[in-house]
Amino acid sequence: MTTARADAVHFPAGVDPGDVDLLEEVSLPAAWAKRWAVEPSKPTLWDASNGWATRGDLARRTKTAAGRLYGAGLRKGDRIILSAAASVDLVVAHVAALRLGLIVVPVNGAYRRGELAHIVGDAEPRAAVVDNHEWVRWLAELAPEMTVVSPQLDLEDAAAPSLDQLGSRDPALLGYTSGTTGVPKGAVLTHGNLLAGADSVRIAWRWEPEDRLVLALPLFHMHGLGVGLHGTLLTGASAILLDGFSPDAVLDAAAAHDATLFFGVPTMYNRLAQSDRVAELSRLRLCVAGSAPLSADLHRRLEEAAGVRVLERYGMTETIMLVSNPYDAEHRAGTVGFPLPGVEMRLAPDSGEVLVRGPNVFAGYWRRPEATEEAFDHEGWFRTGDLGELDEHGYLRLRGRAKELVISGGLNVYPREVEDALRTHPEVDDVAITGTPDEEWGELVTAWVVAVAGKSPTLDGLRSHLDGVCADFKHPRLLHLVEKLPRNALGKVQKHLLA
Ligand code: MCA
Ligand code: AMP
């Protein structure tokens, strides 16, 4: 007897999962080039400065851009930082880099000099596409030989070599993340990973060429880039790129452009639920949430106010998308659903840690064999650091994390990094960072501080100490002064006792 695959629930009726090869098209650039050769006048990406770019525009502009990057000396395997507000220009630079075989390093533009310096030192990029003047100065200091350009790629025109010559094992992207522990590491995602990641959600969410996505997520994280942008281009669909989020901007764009899809983090849905226009969400075919837990209460409020049952899914930088509620069956509040097409999942028997395998799972951490070895068990299952359980219907429910991580507004904050920075504050003797549950942000970064005798540090004081050291979203929003931190026999702070 054969057991049904757990991902079978995501396939349309009549499709045998065994017949689907997520890697059939080998790489996203190869698949995109094929789409663009058909119906070149089809509107594909819209932004406020340029209006619509068609498939033909993308084919032509990415070829020109690839030529310029090649002319600037960039070659297959070279790293290139990409960090700018979402725009068609940025997409063109990103796609051109992938077509040429460069390894894209997307970086959050809110990072301060030290955070950027770590990535520059680790990834050793030869070029950077940035829209932030402060960064241009920092990069000139950190790596004077680096080519630094704006998203318009104002470089000399040059002939491109033949493009899209990629194997599915070739590295495509370094996604910086701290994994379960330690300093930010580059998760090496191959062209096969990016393709499988986008194709699995294309199938599961019945993404069609007629679909139009309102994309208000930044393009420097997997949610906006690996799902929103890559999925749109793979499907041959279209997207409206917004360079920031507000409920009005999303709902205006949905109305003006007849959108059918919206993907967002729970903080965005919380703000939409508070808008008096929330009922307008019902014009969309599908609303997807992820990057942090969507509370069952918010799920219910959105259903009551807009008649929308948000579809929640679960992903990670290292794996792109992993698990999703099923399109054709119940979107169950408080759960993330079933493994996506091609993803195998199991729960570690002792801890309940979610373990995964599949063509979407990254190749390892950039130049960190030990961290890579720790991240996989002896049978090649990737340890996510998330703890889960299956509910009575077989849906995965995430019930916590084995890793130390605070998620604020869909952005990850690693307590260790903030603690290390705060320990250098002259009035701080000891410190622990935790997340306090919050309706809008999911979690608020919270500092538990033992003050130096006779001193009384303030929240503002701590925040200004972090100015210029780490990005604003990592700064504590709450402060508790305590006499001492609860530590176990090994000296490790018992954070579950801080509440
Ligand atoms: C902005 N601020 C934040 C955050 N964002 N503080 C804490 N957490 C945040 N996430 C700061 C601003 O710097 C500002 O600081 C203050 O909060 C208020 O800004 P506001 O205008 O309200 O914020 P916003 O600009 O509207 O941004 C909120 C946001 C944004 C739209 C929710 O954070 C966002 O786009 N988040 C999504 C991130 C994302 O793409 N995550 C996916 C990771 P001040 O007042 O001091 O100036 S990929 C992932 O997790 C995996 C793969 C997955 O499963 O998807
Ligand atoms: P990142 O390292 O930025 O890729 O963040 C990945 C982490 O975000 C996962 O390991 C989870 O802890 C968390 N995450 C993503 N989606 C969800 C979700 N739907 N519910 C709960 N946590 C999530």
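Just the heavy atoms: all of them, side chains too, but no hydrogens, waters or symmetry mates, feed the values below. All values reported here derive from a predicted model rather than from experimental measurement. Counting starts at 1 for both ligands and their atoms, in listed order.
- Considering only heavy atoms from C-beta on, Ile103 stays 4.5 Å or farther from Asp170 through its side chain.
- Considering backbone and side-chain atoms alike, Tyr314 places every N or O at 3.5 Å or more from each N or O of ligand 2.
- The shortest N or O to N or O distance between Glu318 and ligand 2 is not under 3.5 Å.
- Of the candidates Asn412, Asp386, Leu322, Leu396, the one placing a heavy atom closest to atom 11 (C) of ligand 2 is Asp386.
- For ligand 2, the atoms lying closer than 4.0 Å to a non-hydrogen atom of Ile407 are 8 (O), 13 (C).
- Protein residues with a heavy atom closer than 4.0 Å to ligand 1 are Leu217, Pro218, His221, Met222, His223, Phe245, Val265, Thr267, Met268, Arg271, Ser291, Arg313, Gly315, Met316, Thr317, Met321, Ser408, Gly409, Gly410, Leu411, Trp441, Arg463, Asp472, Phe473, Arg477, listed by chain and number.
- With respect to Arg383 and Glu353, no salt bridge is recorded, no charged nitrogen being found less than 4.0 Å from a carboxylate O.
- When each atom of ligand 2 is checked for a heavy atom of Thr177 under 4.0 Å away, the hits are 2 (O).
- Ligand 2 has at least one atom lying under 4.0 Å from a heavy atom of Ser291.
- Between Arg271 and Glu439 there is no salt bridge, since none of the side-chain N atoms of the basic residue sits less than 4.0 Å from a carboxylate O of the acidic one.
- Atom numbering of ligand 2 starts at 1 in the shown order; those under 4.0 Å from a heavy atom of Glu312 are 18 (C), 19 (N), 20 (N).
- The ring of Trp32 has its center closer than 6.0 angstrom to the ring center of His230.
- Heavy atoms of His221 found under 4.0 angstrom from ligand 2: none, in either backbone or side chain.
- Atoms of ligand 2 found under 4.0 Å from any heavy atom of Val336, numbered from 1 in the order shown, are 19 (N).
- We find that Glu392 and Arg332 are joined by a salt bridge, their nearest charged nitrogen and carboxylate oxygen being less than 4.0 Å apart.
- Under the 4.0 Å criterion applied to side-chain N and carboxylate O atoms, Glu134 and Arg112 are assigned as salt-bridge partners.
- For Gln274, the CD atom sits in a packed shell: over 12 heavy atoms of surrounding residues, nucleotides or ligands are nearer than 6.0 Å.
- Shown in contact with Leu398 at under 4.0 Å from a heavy atom are these atoms of ligand 2, numbered in order with element: 20 (N), 21 (C), 22 (N).
- Only the backbone of Ala292 comes within contact range of ligand 2, with a heavy atom under 4.0 Å; no side-chain atom does.
- Residue contact check: Met316 has heavy atoms under 4.0 Å from atoms 4 (O), 6 (C), 9 (C), 10 (O) of ligand 2.
- Here Arg401 pairs with Glu443 in a salt bridge; the nearest charged N to carboxylate O distance falls below 4.0 Å.
- Under 4.0 angstrom from ligand 2, there are no non-hydrogen atoms of Met222.
- You'll find the side chain of Trp207 reaches within 4.5 Å of the side chain of Leu261, heavy atoms only.
- Looking at residues two or more places apart in sequence or on another chain, you find a side chain to side chain donor-acceptor pair (under 3.5 Å) between His465 and Thr424.
- Here salt bridge (Lys or Arg N to Asp or Glu O under 4.0 Å) pairs that include residues 458-469, with residues two or more places apart or in two chains, number zero.
- Residue contacts with ligand 2, taken as heavy atom pairs separated by less than 4.0 Å, involve Pro293 via backbone and side-chain atoms alike.
- Residue pairs satisfying the salt bridge (Lys or Arg N to Asp or Glu O under 4.0 Å) criterion with at least one member in residues 228-248, sequence neighbours excluded, are listed as follows: Asp248-Arg277.
- Salt-bridge formation is not detected for the pair Glu404/Arg416: no Lys NZ or Arg NE/NH1/NH2 atom is positioned less than 4.0 Å from an Asp or Glu carboxylate oxygen.
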